[in-house]
Amino acid sequence: MRKIEDVLDFRGDISPFLTHLTRGTENKQAKEILEDIISSRQLLQSGNKTSSACYGCIDIHWDDTKKKSLFSSISFTETPLNEIHCLLEIENRQIELEPYGLVFIKKNLMKKNISPVLYLNNYGENIDNLIHALGDIVTQNDYPEELHKIFPLISSMGNMLTPRNGPSRAGTFDFSWEREWRRPYCYGSFEIDFENDIFIGLCPHDEITHFEEYAQRILGHQILFIDPQRNAKWYAKKLIERRRKFGLTVSVV
């Protein structure tokens, strides 16, 4: 009989990493945001609604803290390293990710309150009533605070959800292929252990020297970068070096 650990070492579809990609805002470019992440050594909670559970609630009378605690999170993807480019330049995305970010060791983040998203299937049976029932729970003043740990993890795939007391929406919505993981808002911003948690950084190829020098100057130790828009094997030497540093036996691409 085989040990599951030995089998997983050769499962090319299971990534040993979680990746956080950045995007530009009205005030800052994605490049600047990645610099801020490195200099602050943390990922901040944005407060944006990322949970599909929000469609089951009428939250106009709630304070911002309650809304954020139930529906907001920091997002990561379990997409294999060589497939990160598939997350970029996607039509009809509400959030346009860019080729800047950090690749984390997944087993370390699993110990830091980061979990896979709970994808609810709305292709078959309509789940609007399920989402609304979840909303009923948190409209009560005495709802369990523990729900802040699970509500931000909820997402849907399939037919568009109907908001509570809102009109039906046509079309489908499915980003389950992103294999998203989230850190719920209640756990706060994420303090990054660059020495032990970061496998490699991501940026366009012509900015690699800038980011490697910037990280060395700010952090006092080396972080290597690669371009996620190129085949990862282009950076085989770097990947082998990082794989040895972390003693990884799994395939990294």
Side-chain angles (χ1 to χ4, degrees), residues 14-23 25 28 30 33-57 59 62-79 84 87 94-95 97 100-120 131 134-157 175-176 178-202 215 218-219 223 246:
I14 298 180
S15 174
F17 309 120
L18 293 177
T19 299
H20 178 81
L21 292 172
T22 68
R23 63 187 177 94
T25 66
K28 286 190 176 183
I33 293 174
L34 180 54
E35 290 173 343
D36 288 347
I37 290 171
I38 295 171
S39 62
S40 68
R41 297 173 171 81
Q42 62 179 342
L43 298 177
L44 300 177
Q45 292 278 359
S46 70
N48 295 330
K49 291 181 180 179
T50 54
S51 171
S52 294
C54 69
Y55 291 106
C57 308
D59 63 8
W62 295 358
D63 60 48
D64 283 344
T65 298
K66 180 175 179 178
K67 294 179 185 179
K68 292 175 181 178
S69 295
L70 287 170
F71 309 131
S72 300
S73 61
I74 299 172
S75 295
F76 303 80
T77 176
E78 196 182 12
T79 301
I84 295 296
L87 302 173
Q94 293 180 335
I95 297 176
L97 299 173
Y100 297 88
L102 296 170
V103 179
F104 295 79
I105 302 295
K106 181 170 66 177
K107 66 179 182 180
N108 292 2
L109 268 59
M110 291 169 66
K111 303 171 185 176
K112 299 180 180 181
N113 303 311
I114 296 169
S115 303
V117 162
L118 304 174
Y119 291 104
L120 302 180
I131 295 296
L134 291 173
D136 290 338
I137 297 173
V138 294
T139 57
Q140 308 302 316
N141 292 329
D142 59 348
Y143 71 88
E145 292 289 312
E146 292 296 302
L147 292 179
H148 291 168
K149 299 177 181 179
I150 193 169
F151 263 58
L153 301 177
I154 296 173
S155 189
S156 65
M157 59 184 189
F175 283 90
S176 58
E178 287 188 339
R179 298 166 67 172
E180 187 179 0
W181 290 50
R182 295 175 183 167
R183 177 180 168 92
Y185 184 89
C186 65
Y187 293 115
S189 296
F190 182 68
E191 300 295 329
I192 303 173
D193 182 347
F194 275 90
E195 182 69 27
N196 297 304
D197 289 349
I198 300 298
F199 178 73
I200 210 156
L202 303 175
I218 296 296
L219 302 173
I223 297 293
F246 288 100

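Quick caveat, the model's predicted, so the values are computed rather than measured.
- Looking at Ser51, its side chain does come within 3.5 Å of a backbone N or O of Phe151 through a donor-acceptor pair.
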Counting only pairs under 3.5 Å, give me each side-chain donor-acceptor contact of residues 112-119, with atom names and distances, residues two or more places apart or in other chains.
residue: Lys112; atom: NZ; partner: Asp197; partner atom: OD2; Å: 2.4
residue: Tyr119; atom: OH; partner: Glu180; partner atom: N; Å: 3.0

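- Residues Thr50 and Ser73 have side chains that bring a donor and an acceptor to within less than 3.5 angstrom of each other.
- Side-chain contact between Pro184 and Leu153 is present, with heavy atoms from C-beta onward closer than 4.5 Å.
- Counting all heavy atoms, side chain and backbone alike, Thr79 lies closest to Glu178 at OG1-O, 3.3 Å.
- To the nearest 0.5 Å, atoms OG1 (Thr25) and CD1 (Ile33) are separated by 4.5 Å.
- Salt bridge Arg41/Glu191: absent, no basic N to carboxylate O contact under 4.0 Å.
- Residues Ile37 and Thr22 are in side-chain contact: their nearest non-hydrogen atoms beyond the backbone lie under 4.5 Å apart.
- Tyr100 and His20 share no donor-acceptor pair across their side chains, judged by distance under 3.5 Å alone.
- Proximity of a side-chain donor or acceptor of Glu78 to a complementary backbone N or O of Lys106 within less than 3.5 Å is not detected.
- Scanning both residues, Phe246 and Asn196, for their nearest heavy atoms gives CE2-O, 3.3 Å.
- Nearest heavy atom pair, residue Ser69 against residue Pro152, reads O-CG, 3.5 Å.
- Note: Lys111 NZ to Ile105 CD1 = 11.5 Å, rounded to the nearest 0.5 Å.
- Interatomic distance, CG of Asp63 versus NZ of Lys68, reported as 10.0 Å (0.5 Å rounding).
- Counting only distance, with no hydrogens or angles, the side chain of Ser72 and the backbone of Asn48 share a donor-acceptor pair below 3.5 Å.
- Here the CD1-OG1 distance, from Ile84 to Thr77, works out to 5.5 Å after rounding to the nearest 0.5 Å.
- Taking every heavy atom of both residues into account, Lys67 and Asp59 meet most closely at CE-O, 2.8 Å.
- In this structure, the side chain of Gln45 does not engage the main chain of Tyr187 through any donor-acceptor pair within 3.5 Å.
- Rounding to the nearest 0.5 Å gives a distance of 7.5 Å between CZ of Arg179 and OG of Ser15.
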Audit row: Phe76, Leu43, side-chain contact (heavy atoms from CB on, under 4.5 Å) steps and yes/no | CA-CA 11 Å; Phe76 303 80; Leu43 298 177; 3.7 Å; yes
Given the rule in the side-chain contact (heavy atoms from CB on, under 4.5 Å) test, do Phe199 and Leu102 qualify, once you have shown the distances and angles that lead to the verdict?
-> CA-CA 8 Å; Phe199 178 73; Leu102 296 170; over 6 Å; no
Go through the steps for Ile200 and Ile223 under the test side-chain contact (heavy atoms from CB on, under 4.5 Å), then give the verdict.
-> CA-CA 6 Å; Ile200 210 156; Ile223 297 293; over 6 Å; no
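- In summary, Lys28 and Asp36 engage in a salt bridge, as defined by a charged side-chain N under 4.0 Å from a carboxylate O.
- Ile192 is listed as a side-chain neighbour of Phe104, based on a closest heavy-atom distance under 4.5 Å.
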Residue pair Phe71, His148: steps toward the ring-ring contact (aromatic ring centres under 6.0 Å, His included) verdict = CA-CA 8 Å; Phe71 309 131; His148 291 168; 9.5 Å; no
Stepwise side-chain contact (heavy atoms from CB on, under 4.5 Å) check, Trp62 with Val138 | CA-CA 11 Å; Trp62 295 358; Val138 294; 3.8 Å; yes
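- Leu44 has its side chain out of reach of Ile74: every pair of non-hydrogen atoms, C-beta onward, lies at least 4.5 Å apart.
- Here the straight-line distance linking atom OH of Tyr185 with atom OG1 of Thr65 works out to 6.0 Å at 0.5 Å rounding.
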